[in-house]
Number of protein chains: 2
Amino acid sequence: MTLPPQADSSTAETPDTPENSSGRALKAIPEATVTRLAVYLRVLGQLAEGGAETVSSEELASVAGVNSAKLRKDLSHIGSYGIRGVGYDVASLQHELERVLGLDHPQAVALVGVGNLGHALAGYGGFGGRGFPVTALFDVDPDLVGIKINGIVVKHVRDIPTECPAAGVTIGMIATPAQAAQSVCDQLVAAGVRSILNFAPTVLQVPEEVEVRKVDLAVELQVLAFHVAGRGNAAAGGISTDVPAVARVVNGRNGSAVPLS
Amino acid sequence: MTLPPQADSSTAETPDTPENSSGRALKAIPEATVTRLAVYLRVLGQLAEGGAETVSSEELASVAGVNSAKLRKDLSHIGSYGIRGVGYDVASLQHELERVLGLDHPQAVALVGVGNLGHALAGYGGFGGRGFPVTALFDVDPDLVGIKINGIVVKHVRDIPTECPAAGVTIGMIATPAQAAQSVCDQLVAAGVRSILNFAPTVLQVPEEVEVRKVDLAVELQVLAFHVAGRGNAAAGGISTDVPAVARVVNGRNGSAVPLS
DNA sequence: CGGTGTGAAGTCCTTCACAGCT
DNA sequence: AGCTGTGAAGGACTTCACACCG
């Protein structure tokens, strides 16, 4: 699964100065960069599978759909892990990114709302490769509470206060109808969850220390509709990823149909 | 689903100068603004249901999770539809936004990949309110081709070239595994689709005139993980929506549990 | 007065272009 | 000779603050 840039969070401030493992002082990493780091990480995984040992910024950028200057600037925010004249070591850059993104010790994810969409999310094993295990499921529908999805029992929403802390949940996903979302959100926050991915079409009100990212399908489609209507006229200018040649090759395919779902 | 800003499209150029219905010259609307217009539209719908006739920028902004200056600036891009000293007429602003977003005449949407996630998307009637009807479904799995979802028969992917133009499809959604996504994308583009919402975890290569927005769950979760890890330390600063008071009230609820899914 | 619409200032992000390491 | 890392320039979006209108 792939999501776009939609976080409605305003930009975080980082008053104190974190350091990386080698003790080098690091400036706060821009929000926009963090999102792309996750993309680079995924691409590196593909390259590693393909047996690549090193990549140049040009190659990596091309596959990731950005230009090389941006990629190098992004990576410069996390330190100097490239080799001049050569490129980046795939494996070590991968580890570095995992570390920076906090993936070195895994996060427990709770999903609330196991209806239509939620059910699909729960079954989405691995979330497109190395991923986040959903470790707790909640709903209020008596027909759903008690069933197992992917080996996990759906609990009642009222159990959030006890179950979430017990399971060490740090990230919550809300896939309930809009009317229920704020209430659920409040309960997750009360249970100590500080990061929430919201699929319900509502703006959630949360305390400062909680981060919300939202995924709103209707909004995505409406933005596309705007462009279809010609008002954003993409045709005239530079929409689309500015990526040439290499990418299609490295992606490991070139046009033949492949089994779906 | 919500993105953030997340479309990876570079910014479109708009060389010619569009006008609105009243003939007033309009500058190109910023991408970031378009995304929020869709949110405002949704909120206006809620307000209209609640019986509101007018809203101030302050109120509307609060419910939409932005500050009022931004909201006014956003609306100024589409013209002057407010009344000084009063606010905005809910109904007419609603219509104006629908017109600008190109929702006045509806778009046909095709969905490719009716597996786990795709199935859920197909059943997501109305997409959280006024929405986009999915009018064509495709897959390659023989077990899926031929079944009906929400009254729509799943066709084989090889029928895209004939079915999409026939149904007047303008927007495509890709919910296939990553390996299949580029191939499907190519076929949609060949069939005349110029706007694509991609759920597969791959960067799609498309010609300039095609717009791609992506929704990548793994990336969203990884960004959240980054903040959990404290590296983006939200706690210290200004994450979260800067919305107070009014919002929770206008949202029509205040904390009690509501049925889910 | 109250609240919109908007120039101007400010912030964040992107792109350029090149110095410097290997 | 090649490719990274980065200051500096450039754009895009946001916030401020106030003139202006109803």
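Keep in mind that what you see is a predicted model, and the values were worked out from it rather than measured. Throughout, protein chains are lettered first and strands after them, A, B, ... in sequence-line order, and every chain is numbered starting at 1.
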Rounded to whole Å, please give me the gap between [atom1] in [X] and [atom2] in [N].
X     : N      : atom1 : atom2 : answer
A:N67 : C:dC13 : CG    : C1'   : 12 Å
A:E31 : D:dA12 : CD    : C1'   : 17 Å
B:R36 : D:dA12 : CZ    : P     : 15 Å
A:H77 : C:dT15 : NE2   : C1'   : 13 Å
B:Y81 : C:dT6  : OH    : P     : 12 Å
A:Y88 : D:dG2  : OH    : P     : 18 Å
B:L75 : D:dT14 : CG    : P     : 13 Å
A:E58 : C:dT15 : CD    : P     : 13 Å

Open item on the list: Less than 3.5 Å apart, any donor N or O on the side chain of B:E31 or A:H227 sitting next to an acceptor on the other?
Closed with: yes
Open item on the list: Under a 3.5 Å cutoff, is there a donor and acceptor pairing between the side chains of B:D74 and B:T33?
Closed with: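 Present: a donor and an acceptor within the cut-off.
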Task: Phosphate contact (C:dG3 OP1 or OP2) by B:S57 side-chain N/O below 4.0 Å - done: no
TODO: Using only side-chain N and O atoms of A:R72, determine if any of them is under 4.0 Å from OP1 or OP2 of C:dT14.
DONE: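 Checking A:R72 against C:dT14: no side-chain N or O falls below 4.0 Å of OP1 or OP2.
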Open item on the list: Between B:R36 (side chain only) and B:L71 (backbone N and O only), is there a donor and an acceptor less than 3.5 Å apart?
Closed with: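 No, B:R36 side chain to B:L71 backbone: no donor-acceptor pair under 3.5 Å.
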Task: Closest-nucleotide 5' rank along DNA chain C - winner of A:V86 and A:A69 - done: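 Per heavy-atom nearest nucleotide, the more 5' residue is A:A69.
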Open item on the list: Here's a test of your reading of the structure: between A:D74 and B:K73, which maps to the more 5' nucleotide of DNA chain C?
Closed with: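 Of the two residues, B:K73 wins.
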- [ ] Could you give me the CA-CA distance, side-chain angles and deciding distance for A:M173 and A:V109, then say whether side chain to side chain contact (heavy atoms under 4.5 Å, CB included) is met?
- [x] CA-CA 7 Å; A:M173 295 175 55; A:V109 176; 3.8 Å; yes
Open item on the list: For A:V219 versus B:V39, what's the shortest heavy-atom pair and its separation?
Closed with: CG2-CG2, 4.1 Å
Open item on the list: I'd like to know if A:R84 reaches the base of D:dT4 with its side chain such that a donor and an acceptor end up less than 3.5 angstrom apart.
Closed with: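 Counting by modelled atom types and ignoring angles, a donor-acceptor contact under 3.5 Å is found here.
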Task: Candidates D:dC18, D:dT4, D:dC13 - which lies nearest the side chain of A:S56 - done: D:dT4
